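Just so you know, ligand 1 is whichever comes first in the structure, and atom 1 is the first atom listed for that ligand. The first residue of the sequence shown is numbered 1, and numbering continues consecutively from there. From a predicted model like this one, the values you see are computed outputs, not experimental measurements.
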Amino acid sequence: MEDLRSNILAYIHKHETCSSTELCKEMNVEHQKIVGALNSILAFGEIISAQPEVTSRLELTDEGRQVADHGSHEAVLFASVPAGDGAPQSELMKSVPNAKIGFSKALANRWIRLDKSAPGGPRVYRQVESVSDRIRHCLQMVAALSLDSLTAEERAELKKRKLVQEGRVTVYRVAKGPAFTLTLAKEETELTAEMLATGVWQTLTFKAYNFKALGQQPDCGHLHPLLKVRAEFRQIFLEMGFQEMPTNRYVESSFWNFDALFQPQQHPARDAHDTFFLTEPAACRLDAEQADGYLARVKAVHSNGGYGSIGYNYDWKESEAQKNILRTHTTAVSARMLYQLAQQPQFQPTKYFSIDRVFRNESLDATHLAEFHQIEGLVADYNLNLCHLMGIIREFFHKLGIRRLRFKPAYNPYTEPSMEIFSYHEGLGKWVEIGNSGVFRPEMLLPMGLPESVSVIAWGLSLERPTMIKYGINNIRDLIGPKVDLKMICDS
Ligand code: FB9
């Protein structure tokens with residue numbers, strides 16, 4: 001390979017540019033070997049350039065490849081016939097590969113003769129001293145893509161003997177590259193301390209980084225339990241005809257996380273004990289929300305009510321709503337999607353779901369972290385009520401294999417009525433709270449511009465709890481694994 005590459009470089013140096021087929025003829029080397037040498041030169045950087053051109057050409061079949069490497073069947077058979085006293089035909093047929101074709105071709109070429117009446121049975125003798133294996137030579141010409149040295153008869157014979165076939169071969173237009181050189185300096189792949197210490201690195205050429213190189217495929221690794229269970233919940237929602245909401249926004253404005261949900265600005269959940277407030281940028285602009293007067297309607301319903309509500313009768317501040325936080329629930333995303341839904345010229349009944357991270361500045365314990373994944377489903381349609389909510393929650397948990405459900409009245413600032421969801425856990429032998437739910441308040445939906453007759457039912461649960469139950473994990477720390485340094489979380 002070494003000298004083939006330097007011969008190729010020398011040839012390019014003399015001819016500026018050439019084709020890989022030309023190099024074949026010049027070096028009387030197979031095209032595949034030329035391509036191999038060109039690729040290894042290309043690995044050295046921009047010494048040369050090689051433009052591929054796919055052309056249809058004769059190429060060797062596997063049998064042709066075998067003959068080009070080991071000789072034609074007739075030449076192989078001839079070589080197996082001892083000069084002088086020859087060999088029994090039966091033996092040759094058994095011991096020589098492709099003897100049948102080899103024998104008939106060698107006979108046809110008058111390289112051998114058969115004495116059928118020889119004592120001990122038909123015996124084969126050489127007719128000539130030596131033979132030139134034209135077939136093999138032709139095939140090597142084909143492999144070297146120098147077809148013009150073959151006659152049409154020869155091509156036809158090779159084709160008839162299925163030693164060659166029409167194929168698509170990539171040939172290369174080769175030319176000097178910006179870093180053309182006649183000597184291939186070994187490219188260093190490591191910059192060692194010793195090179196730095198001795199300064200020799202300045203005289204060396206280093207292999208260019210191949211940023212396209214794919215990393216080694218790890219032959220192990222599993223989906224994190226949370227991601228496995230998330231996939232199951234996703235599948236259930238999709239089966240029930242729900243669309244996934246875009247949840248790629250951990251930082252949210254207090255407006256969408258609280259105000260749009262009719263959660264009053266003095267609600268305990270809105271202070272730093274429960275919510276992570278951003279210091280930089282501490283606040284955002286709510287221009288879009290002001291656009292169609294939506295923000296003003298939210299201000300109004302909080303301050304003085306409306307839509308049949310008395311509101312909270314306090315002085316609602318836009319500055320409070322502008323405060324940036326880490327979202328405390330994906331219900332903030334539901335609010336955004338419902339507002340977009342209300343902007344549609346014609347209301348479309350819709351089913352949405354979300355599964356993503358939410359952040360709560362809560363005291364850590366075995367089942368609570370400062371972040372968890374909230375799973376939420378909502379259905380917006382005409383005249384939905386609590387029965388529809390109970391029904392769809394039953395269907396949802398039924399798909400999880402949970403049958404025994406109970407609903408307990410509860411309170412959320414943004415839903416009325418609200419219910420906690422319980423299921424009887426055979427293993428634990430007790431009723432377990434498995435989620436929360438409710439009917440979104442008109443004070444939330446009507447300022448958005450949704451029709452009076454449209455109601456929205458929704459429910460939510462965490463992803464961590466079912467995952468811990470499914471994998472028998474008792475402490476949530478084991479779910480997030482060693483990589484997360486809890487101390488860092490607490491101090492933040
Ligand atoms: O996930 C919860 N529990 C749960 C869920 C599934 C489960 O296993 C399945 C059987 C296989 C086991 C347990 N909970 C909700 C209940 C409790 O764990 C609760 O203590 C903790 N809750 C989280 C919030 O903590 C502050 C879980 C989280 C939660 C709570 C409420 C919602 C979402 C997540 C909601 C909502 C909602 C309500 C109305 C409208 C829209 C959304």
Could you check whether atom 8 (O) of ligand 1 has a protein contact, counting only heavy atoms that fall below 4.0 angstrom?
yes
Step through the shown structure and confirm whether more than 12 heavy atoms of other residues, nucleotides or ligands are within 6.0 Å of CG on Asp62.
no
At what distance is the nearest protein heavy atom to atom 18 (O) of ligand 1, and which residue and atom is it?
Arg465 NE, 3.3 Å
Tightest non-hydrogen contact, residues Leu191 and Trp201, listed as CD1-CB, 3.7 Å
Going by the ring-ring contact (aromatic ring centres under 6.0 Å, His included) test, which pairs reach into residues 397-416, not counting sequence neighbours?
His329-Tyr414
State the atoms of ligand 1, each with its element, that fall below the 4.0 Å cut-off from a heavy-atom position in Leu461.
1 (O), 5 (C), 6 (C), 33 (C), 34 (C)
Could you tell me the residue and atom name of the protein heavy atom closest to atom 21 (C) of ligand 1, and the distance to it rounded to 0.1 Å?
His368 NE2, 3.9 Å
Is the Phe237-Phe242 ring centre distance short of 6.0 angstrom?
yes
Report, in ascending order of atom number, the atoms of ligand 1 lying under 4.0 Å from any heavy atom of Gly438.
39 (C)
Is there a donor-acceptor contact under 3.5 Å linking the side chains of His31 and Thr21?
no
Decide whether the shortest distance between a heavy atom of Ser423 and an atom of ligand 1 is less than 4.0 Å.
no
Proximity winner for atom 20 (O) of ligand 1, if only heavy atoms of Glu433, His373, Met468, Arg360 are counted
Glu433
Tyr314 side chain near Gln265 side chain, heavy-atom distance below 4.5 Å
yes
Flag the pair Val379 / His388 as yes when at least one side-chain heavy-atom distance between them is below 4.5 Å, and no otherwise.
no
Nearest non-hydrogen protein atom to atom 6 (C) of ligand 1, with distance, is Pro466 CD, 3.5 Å
Answer yes or no: is there a side-chain heavy-atom contact under 4.5 Å between Arg327 and Thr247?
yes
Ligand 1 to Ser437, heavy atom cutoff 4.0 Å, flagged ligand atoms 38 (C), 39 (C)
Using the six-membered ring wherever Trp is involved, compare the ring planes of Phe262 and Tyr312 and label them parallel, tilted or perpendicular (cut-offs 30° and 60°).
parallel
For Tyr339 and Trp256, what are the C-alpha separation, side-chain angles and deciding distance, and is it a ring-ring contact (aromatic ring centres under 6.0 Å, His included)?
CA-CA 10 Å; Tyr339 177 68; Trp256 286 108; 5.6 Å; yes
Compare Asn436, Ile469, Ile402 and give the one whose heavy atom is closest to atom 10 (C) of ligand 1.
Ile402
Within 45° of the six-membered ring axis of Tyr424 and under 6.0 Å from that ring's centre, is NZ or CZ of Arg404 located there?
yes
Select one of side chain, backbone, both or neither to describe which atoms of Lys470 lie under 4.0 Å from any atom of ligand 1, heavy atoms only.
neither
Which residue holds the protein heavy atom closest to atom 23 (C) of ligand 1, what is that atom called, and what is the gap in Å?
Phe372 CZ, 4.1 Å
Checking a contact table here: which protein heavy atom is nearest atom 37 (C) of ligand 1, and how many Å away?
Gly460 N, 3.8 Å
Of the backbone atoms (N, CA, C, O) and the side-chain heavy atoms from C-beta on, which set of His329 has a member under 4.0 Å from an atom of ligand 1: side chain, backbone, both, or neither?
neither
Would you say Ser462 and ligand 1 have an N/O pair spaced under 3.5 Å apart?
yes
For atom 4 (C) of ligand 1, state which one of Ile434, Leu428, Ile375 supplies the nearest heavy atom.
Ile434
Please list, in number order, the atoms of ligand 1 under 4.0 Å from a heavy atom of Ala458.
40 (C), 41 (C)
Exercise: do Asn436 and Asn412 side chains pair donor with acceptor under 3.5 Å
yes
For atom 30 (C) of ligand 1, state whether the nearest protein heavy atom is under 4.0 Å away.
no
For Glu376, the ligand 1 atoms with a heavy-atom partner under 4.0 Å come out as 41 (C), 42 (C)
Do any nitrogen or oxygen atoms of Thr331 come within less than 3.5 Å of a nitrogen or oxygen of ligand 1?
no
